[in-house]
Amino acid sequence: MRPLACALLALALTGRDDPVTVQATVETDPVPSAGDAADDPAIWINPDDPSQSRIIGTDKAGGGLAVYAMDGRQIQYIACGKMNNVDLRYGFPLGGLKADIVVSGDRRDDTLRVLLVDQETGRLKEAPAGAIRLGIRVYGSCMYRSARTGKYYGVATSPDGELEQWELFEDGRGGVGGRLARKFRVGGTAEGCAADDELGHLYVAEERFGIWKYGAEPDAGTERTLVDRAGPGGRLTGDVEGLAIYCATNGTGYLLASSQGSSSFAVYRREGGNEYVMSFRIGPGRGIDAVTDCDGIDVVGAALGDRFPRGLFVAQDGRNEGGNQNFKFVRWDEIAAAAAPPLAVDTGWNPRRPRR
Ligand code: CA
Ligand code: CA
Ligand code: CA
Ligand code: CA
């Protein structure tokens, strides 16, 4: 049978909402800490050699941040705290240069820690660039760069259902400072979040309830829409965990969510009303165990060398066979091809040259 016919038959047999299965092609070294330790990844794109891009992963059990090469090898570990979620942005103005800036929430002392990536080596600079003391207990965190104003923000969520958004700025002493831009209540425990810089949306996962969509600008207010819910009437099974945005051209692409209770990932349209598209699972294969009980995720569409020439999806694995938790890497084009109809594959989006 031809691939399209196969896909259509599979769709007819399984129904629209049943997840398709893909396989990872790379898994990282396990994190140093045992138990529920790894949580959230962020993909850093190397400006000169995309095959030397990096995955930064959190070790929340009292460890810190690990940096992995594209073959999954750990090349750096900074024991900097109970880092739960991690996100990054490019081009932050610092000392007359454009810095690649990483923000990670530290549950030891409820701060957003700011670090920088060395653009030559793809390693995190050991000296912290800043620490922002929050007014809430930190759980999840993410970043937003406004296409309207060019300002950068760190966003923190809390186990108490609160959210704080902090504007980040050069502090005049070579570091990064923060000022509170807004604070509001989401509801129940909120962790995962992700901002769409280009379209100005802030997505927040209320773990037991669903995905909320807010305006990402600090003056956007608290008006929100529910993208999807966990449990009856929704496609998600709590906890709703990590969120990530796949950017294609003209403001199109996808919003992805980790549906932890079903060990699957839901895909929605990035544009318009975030229509549900499909769900997928990462099954065992190629000598790599399945992803189950996933926390955080990240995705980019850019070409990242021979291993990931048409985009990369990274997922934390809650139960890594034979070791501590780790992260699994999946080719985006394989996820796209598993969907019926296939998802878009667009390597043209460059986060270093954001559109206005
Ligand atoms: Ca977990
Ligand atoms: Ca959680
Ligand atoms: Ca988590
Ligand atoms: Ca596993």
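Whatever order the structure lists ligands and atoms in, that order sets their numbers, starting from 1. Just so you know, residue 1 is the first one in the sequence shown, and it goes up from there.
For the Ca ion (ligand 2), the N/O/S atoms of Tyr139 include one lying under 3.0 Å. Taking backbone and side chain together, Glu241 holds an N, O or S atom under 3.0 Å from the Ca ion (ligand 3).
In this structure, Arg286 places its CZ atom where more than 12 heavy-atom neighbours from other residues, nucleotides or ligands lie under 6.0 Å away.
Ring geometry, Phe209 versus Trp212: the interplanar angle falls under 30°, so the pair is classed parallel (tilted spans 30 to 60°).
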Could you walk me through whether Lys82 and Asp106 pass the side chain to side chain contact (heavy atoms under 4.5 Å, CB included) test, one step at a time?
CA-CA 5 Å; Lys82 293 177 74 169; Asp106 187 347; 3.9 Å; yes

Start with the C-alpha distance between Phe280 and Phe313, add both sets of side-chain angles, then the distance that settles ring-ring contact (aromatic ring centres under 6.0 Å, His included), and finish with yes or no.
CA-CA 12 Å; Phe280 68 94; Phe313 175 79; 5.3 Å; yes

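With the Ca ion (ligand 3) as the vertex, OE2 of Glu191 and OD1 of Asp39 span 90° to the nearest 10°.
Note on Arg145 versus Asp197: no salt bridge recorded, every NZ/NE/NH1/NH2 to OD/OE distance being 4.0 Å or above.
No other N/O/S atom of Asp295 lies as close to the Ca ion (ligand 3) as OD1 does. Taking the N/O/S atoms of Glu207 in turn, the shortest distance to the Ca ion (ligand 2) belongs to OE2.
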